[in-house]
Asker: 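Got a structure for you, written out below as structure tokens; questions coming shortly.
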Amino acid sequence: MDVDLPYRLELISDLPGHDERAWQVAWNPTKPLLASCSADKSVRMYSYRPSDHGSKSLAFSHMGTIPTGHTKTVRSIAWAPSGKTLATGSFDSNVGIWEREDVSDSEDAGETAGDWECMTLLEGHETECKSVGYSSSGTLLASCSRDKTVWIWEVKPDADFECMGVLMEHSQDVKCVAWHPSEEILASASYDDTIKLYIDDPSEDWFCFSTLSGHKSTVWSLSWSPQGSYLASSSDDLTIRIWKRVEEHEWKSVLELRGHERSIYSISWGVGKGASENLGWLTTTGGDGKINVWEITEMQHTKDPLSATLIARISGAHDVNDVNSVSWCPRLEHPDLLATAGDDGSVKVWRVVPS
């Protein structure tokens with residue numbers, strides 16, 4: 001813990017349970033649910049609610065495990081914006097689409113019984129699926145793979161999906177896909193050190209309209225700013241880059257951050273708390289076991305459009321283990337809450353609090 005920083009990371013809950021490394025955490029956008037996936041091929045679900053210790057305190061409890069039926073590691077999970085559907089991406093090359101039966105829309109739905117059912121299995125990738133993600137409208141799903149491709153699927157009624165495009169722009173393993181928070185723009189990151197941006201041409205198909213180069217090694221993770229005017233990327237080269245939209249289809253690197261000693265596997269950009277010029281809080285984590293939280297501010301009347309201030313940091317977040325995933329809670333009542341998943345098989349929930 002860094003006492004000279006204005007905030008600190010307070011551990012709210014330690015949720016062990018996976019038999020092997022935990023790869024990713026994903027907060028349900030509409031219900032008090034947190035999901036995690038693992039090399040043990042399962043997805044674990046946790047519910048949370050205010051505890052007896054005050055309104056800011058939350059109690060997390062394990063409410064069920066999905067034995068997904070995937071034959072290899074479940075590497076990625078993503079909730080649909082409705083919060084009713086979960087996608088799983090697996091090293092068996094398939095994407096599972098899950099919904100739960102007999103679940104009400106109440107706030108307590110996180111704690112009601114109900115079995116998760118695989119509604120559809122999306123096949124097409126030739127090898128390991130590394131990442132999945134829903135568009136903000138919930139009408140599109142993207143997946144990417146070690147086979148160097150990005151697939152875009154149209155979500156149709158009754159858990160029906162149609163492939164809208166197979167994008168073969170990357171020359172290496174594709175690590176991550178991330179949708180713009182309000183537009184149908186897709187970003188992908190790859191072992192080939194680049195980021196690709198895609199849009200749909202009404203008269204044609206999905207295509208790559210821009211390649212962002214600047215990292216000197218594998219790009220592991222991507223996260224859009226909440227407002228959508230910036231994109232953050234993290235890399236094996238130990239840097240975080242922030243890219244600014246300068247024209248409708250043009251983006252340029254405007255800020256480089258350093259704060260890790262090993263590969264930066266995961267980043268997440270949340271709304272944070274603060275003044276109007278604050279673009280939110282960016283959190284980063286990776287192979288050094290450290291979690292950094294940066295406050296990103298838009299600068300006026302200066303040559304540098306952005307500034308970043310490290311506001312909180314913790315080392316050894318999962319003891320000596322790599323931290324594979326970090327994610328801010330998207331629910332507006334919890335802008336200071338984040339979760340991590342590590343090689344120790346645990347999920348941990350943290351709150352950013354004043355020092």
Side-chain angles (χ1 to χ4, degrees), residues 76 78 89 124-136 140-153 163-225 227-258 263-269 279 282 284 286 296 304-306:
S76 178
H125 286 297
E126 295 175 1
T127 183
E128 300 169 358
C129 179
K130 295 294 183 72
S131 177
V132 289
Y134 279 94
S135 66
S136 61
L140 297 167
L141 176 74
S143 60
C144 67
S145 167
R146 188 179 174 185
D147 66 11
K148 309 174 189 175
T149 67
V150 173
W151 287 54
I152 296 178
W153 310 81
C163 178
M164 303 299 290
V166 178
L167 303 164
M168 297 180 283
E169 297 291 333
H170 286 291
S171 60
Q172 299 287 337
D173 182 347
V174 190
K175 297 290 189 186
C176 175
V177 286
W179 288 97
H180 187 280
S182 59
E183 299 176 49
E184 289 186 348
I185 300 174
L186 179 68
S188 63
S190 169
Y191 198 80
D192 66 12
D193 311 346
T194 71
I195 300 156
K196 305 283 185 179
L197 298 177
Y198 312 89
I199 53 172
D200 185 19
D201 182 343
S203 62
E204 298 283 342
D205 293 313
W206 283 83
F207 71 100
C208 174
F209 71 85
S210 184
T211 298
L212 307 182
S213 301
H215 286 296
K216 296 178 174 62
S217 191
T218 300
V219 186
W220 279 99
S221 184
L222 299 167
S223 186
W224 296 89
S225 67
Q227 305 87 349
S229 51
Y230 295 89
L231 174 67
S233 56
S234 68
S235 171
D236 246 4
D237 67 11
L238 311 186
T239 69
I240 300 107
R241 282 181 177 266
I242 299 181
W243 311 80
K244 181 181 181 179
R245 188 183 210 165
V246 292
E247 299 286 348
E248 184 180 6
H249 298 317
E250 185 184 347
W251 300 73
K252 72 174 184 178
S253 178
V254 293
L255 188 64
E256 182 181 291
L257 303 176
R258 292 180 178 268
S263 298
I264 307 164
Y265 293 139
S266 182
I267 55 176
S268 180
W269 201 328
L279 289 174
L282 182 70
T284 61
I296 310 297
D304 298 317
L306 289 186

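Values below: every heavy atom of this structure, side chains too, minus hydrogens, waters and symmetry copies.
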Asker: Can you spot which of Ile152, Leu141, Leu186, Leu222 makes a side-chain contact (heavy atoms from CB on, under 4.5 Å) with Val177?
Answerer: Leu186
Asker: Between Phe207 and Phe209, what is the ring plane arrangement, given parallel below 30°, perpendicular above 60°, and tilted in between?
Answerer: perpendicular
Asker: State, yes or no, whether a side-chain contact exists between Leu140 and Glu184 at a heavy-atom distance under 4.5 Å.
Answerer: yes
Asker: Would a 4.5 Å heavy-atom cut-off, applied to side chains only, mark Thr127 and Ser145 as touching?
Answerer: yes
Asker: Scan Trp243, Trp224, Trp251, Trp269 and name whichever one has a side-chain contact (heavy atoms from CB on, under 4.5 Å) with Tyr230.
Answerer: Trp269
Asker: With sequence neighbours left out, write down each residue that passes side-chain hydrogen bond (donor to acceptor under 3.5 Å, both in side chains) with Ser171, or none if nothing qualifies.
Answerer: none
Asker: Could you report the tightest heavy-atom contact between Ser266 and Ser234, atom names first, then the distance?
Answerer: N-OG, 4.2 Å
Asker: Give me the atom names and distance for the closest heavy-atom approach of Ser188 to His170.
Answerer: OG-NE2, 2.7 Å
Asker: Any side-chain heavy atom of Ser131 within less than 4.5 Å of one from Cys144?
Answerer: yes
Asker: Among residues at least two apart in sequence or on other chains, which ones pass side-chain hydrogen bond (donor to acceptor under 3.5 Å, both in side chains) with Ser268?
Answerer: none
Asker: Apply side-chain hydrogen bond (donor to acceptor under 3.5 Å, both in side chains) to the pair Ser136 and His180, showing each step before the final yes or no.
Answerer: CA-CA 7 Å; Ser136 61; His180 187 280; over 6 Å; no
Asker: Is the number of heavy atoms from other residues, nucleotides or ligands within 6.0 Å of OH (Tyr191) greater than 12?
Answerer: no
Asker: Considering non-hydrogen atoms only, spot the tightest contact between Ile296 and Leu282 and give its length.
Answerer: CG1-CB, 4.1 Å
Asker: Just wondering, more than 12 heavy atoms not from Lys196 lying within 6.0 Å of its NZ?
Answerer: yes
Asker: Rounded at 0.5 Å granularity, tell me how far NZ in Lys175 sits from CZ in Arg146.
Answerer: 8.0 Å
Asker: Are more than 12 heavy atoms, taken from residues, nucleotides or ligands other than Arg241, located less than 6.0 Å from that residue's CZ atom?
Answerer: yes
Asker: Are side-chain N/O atoms of Ser210 and His249 paired as donor and acceptor at under 3.5 Å?
Answerer: no
Asker: Would you say the side chain of Leu231 lies within less than 4.5 Å of the side chain of Ser233, judging by non-hydrogen atoms?
Answerer: no
Asker: Would you check if the side chain of Trp206 reaches a backbone N or O of Tyr198 as a donor-acceptor pair within less than 3.5 Å?
Answerer: no
Asker: Could you pull out the closest heavy-atom pair between Ser221 and Cys176, with the gap in Å?
Answerer: CA-SG, 4.1 Å
Asker: For the residue pair Ile195 and Ala187, what are the closest heavy atoms and their distance?
Answerer: CG2-CB, 4.5 Å
Asker: State, with a plain yes or no, whether a side-chain heavy atom of Leu306 is found less than 4.5 Å away from one of Lys244.
Answerer: no
Asker: Check for a donor-acceptor pair, side chain of Thr218 on one end and backbone N or O of Asp193 on the other, with a separation under 3.5 Å.
Answerer: no
Asker: Once rounded to the nearest 0.5 Å, what's the spacing between atom CD of Glu256 and atom CD1 of Ile242?
Answerer: 11.0 Å
Asker: Measure the CD1-OG1 distance between Ile267 and Thr284 for me, rounded to the nearest 0.5 Å.
Answerer: 8.0 Å
Asker: Does Ser223 use its side chain to pair, donor to acceptor, with the backbone of Ala232 at less than 3.5 Å?
Answerer: no
Asker: Can you name the nearest heavy-atom pair linking Ser225 to Pro181, along with the distance?
Answerer: O-CG, 3.6 Å
Asker: Does Arg245 have any side-chain hydrogen bond (donor to acceptor under 3.5 Å, both in side chains) partners at least two apart in sequence or in another chain, and if so, which?
Answerer: Glu183
Asker: Side-chain contact test, heavy atoms from C-beta onward, threshold under 4.5 Å: evaluate it for Trp220 versus Ile264 and give yes or no.
Answerer: no
Asker: Could you tell me whether the side chain of Val150 reaches within less than 4.5 Å of the side chain of Glu169, counting heavy atoms only?
Answerer: no
Asker: Can you tell me if Thr149 uses its side chain to pair, donor with acceptor, with the backbone of Leu167 under 3.5 Å?
Answerer: no
Asker: Calculate, to the nearest 0.5 Å, the distance between atoms CD and CG belonging to Glu250 and Leu212 respectively.
Answerer: 10.0 Å
Asker: Can you find a side-chain donor-acceptor pair between His215 and Thr239 that sits under 3.5 Å?
Answerer: yes
